[in-house]
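Accompanying notes for the structure given below.
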Amino acid sequence: MRIGTGYDVHRLVQGRKLVIGGVEIPYEKGLLGHSDADVLVHAVMDALLGAAALGDIGKLFPDTDDTYKDISSLLLLEKVGNELEEHLFFVENIDATIIAQAPKMRPYIDEMRARIAGALGIAEEQVNVKATTEEGLGFTGNGEGIAAQAVCMLTSPVRVTNEDVTAPACGGCSGCPKKDA
């Protein structure tokens with residue numbers, strides 16, 4: 001079992017679409033960033049990459065690479081899912097929180113869960129998304145930006161050894177009370 005955490009924040013600006021959890025939300029401002037600036041998906045990707053010890057999104061998708069300019073973060077999440085699969089990691093669950101004074105997120109959360117799960121090829125029941133405000137405090141409370149946090153759990157068969165799988169039922173393991181019984 002491996003656990004990872006992720007955090008992301010982006011400034012709200014005029015002239016950009018607001019995309020969170022892969023869902024375009026009607027709002028007068030959007031998030032500033034190299035990609036679509038989806039703070040929720042960015043936090044999820046960093047949690048997954050951290051749990052797998054594969055770096056972070058800046059390492060995999062640097063903001064100096066024009067390949068990722070304005071790209072959908074869901075496409076990047078699919079790539080992270082492929083990396084996890086290649087390294088034999090399985091997503092057990094993701095729990096994430098969006099921190100924003102406005103707009104209200106509740107109407108969009110079910111679709112966010114579905115899109116995140118779809119990008120990773122996992123069940124929606126493995127993804128939880130919730131939202132909170134900061135009661136008017138700080139940069140999110142003042143409406144200057146939106147943040148997100150995520151935590152995930154991964155499992156992997158990598159630590160399983162041949163001995164764990166093929167050990168004889170009795171008499172073969174060192175230290176076993178049944179050895180030579």
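The figures here come from the full heavy-atom set of this structure, side chains too, leaving out hydrogens, waters and symmetry mates. Nothing fancy with the numbering, it's 1 onward along the sequence. Bear in mind the structure is a predicted one, so any value in this text is a computation, not a measurement.
Hydrophobic cluster membership differs between V19 and M112, with clusters built from Ile, Leu, Val, Met, Phe, Trp and Tyr side chains linked at under 4.5 angstrom. Under a hydrophobic clustering in which Ile, Leu, Val, Met, Phe, Trp and Tyr are joined whenever their side-chain heavy atoms come within less than 4.5 Å, directly or via other members, V39 and V23 fall into the same cluster. In the hydrophobic clustering of this structure, V80 groups with L154; members are Ile, Leu, Val, Met, Phe, Trp, Tyr whose side-chain heavy atoms approach within less than 4.5 Å, directly or through other members. Side-chain heavy atoms closer than 4.5 Å link hydrophobic residues (I, L, V, M, F, W, Y) into clusters, and following such links, even through other members, never connects V127 to Y7. The cluster map of Ile, Leu, Val, Met, Phe, Trp and Tyr, joined by side-chain heavy atoms under 4.5 Å apart, puts L18 and L40 in the same cluster.
Heavy-atom neighbours of E124 CD from other residues, nucleotides or ligands within 6.0 Å: above the threshold of 12. For K130, the NZ atom sits in a packed shell: over 12 heavy atoms of surrounding residues, nucleotides or ligands are nearer than 6.0 Å.
Contact of the D38 side chain with the L77 side chain is not registered, since no non-hydrogen atoms from C-beta on lie closer than 4.5 Å. For the pair Y108 and P103, the minimum side-chain heavy-atom distance is 4.5 Å or more. By the 4.5 Å heavy-atom criterion applied to side chains, S156 and R2 are not counted as neighbours. No side-chain heavy atom of L60 sits under 4.5 Å from any side-chain heavy atom of K79. Proximity of L49 to F89: side-chain heavy atoms (C-beta onward) are nowhere separated by under 4.5 Å. With a 4.5 Å cut-off on side-chain heavy atoms, I20 and M105 count as touching. No side-chain heavy atom of H10 sits under 4.5 Å from any side-chain heavy atom of I146. Inter-residue side-chain proximity for K59 and L54 is flagged as unmet; no heavy-atom pair is nearer than 4.5 Å.
Side chains of T140 and Q101: no donor on one and acceptor on the other come within 3.5 Å. T64 and H34 share no donor-acceptor pair across their side chains, judged by distance under 3.5 Å alone.
Each of D95, T97, N93 was compared with N128 under the side-chain hydrogen bond (donor to acceptor under 3.5 Å, both in side chains) criterion, and only D95 meets it. Between L76 and the choices I71, D36, V41, the side chain to side chain contact (heavy atoms under 4.5 Å, CB included) rule is met once, by I71.
Between the side chain of D66 and the backbone N or O of K69 there is no donor-acceptor pair closer than 3.5 Å. Checked by atom type and distance alone, the side chain of N142 never pairs as donor or acceptor with a backbone atom of E144 at under 3.5 Å. Between the side chain of R115 and the backbone N or O of G21 there is no donor-acceptor pair closer than 3.5 Å. In this structure, E24 contributes its side chain and K17 its backbone to no donor-acceptor pair below 3.5 Å. The backbone N or O of E92 sits less than 3.5 Å from a side-chain atom of Q126, completing a donor-acceptor pair.
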Which pairs of donor and acceptor atoms, one on a side chain in residues 26-33, lie under 3.5 Å apart (sequence neighbours left out)?
none

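Listed by chain and number, the residues in a side chain to side chain donor-acceptor pair (under 3.5 Å) with R16 are D70 (sequence neighbours excluded).
Pairing each heavy atom of A150 with each of A47, the nearest pair is O-CB, 3.8 Å. Considering all non-hydrogen atoms of both residues, G81 and L120 come closest at CA-CD2, 3.8 Å. When all heavy atoms of I94 and C152 are compared, the closest pair comes out as CG1-CB, 4.1 Å. The shortest non-hydrogen separation linking D46 to G6 is CB-CA, 4.0 Å.
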Between I122 and F90, does the side-chain contact (heavy atoms from CB on, under 4.5 Å) criterion hold? Intermediate values first, please. CA-CA 9 Å; I122 61 176; F90 304 99; over 6 Å; no
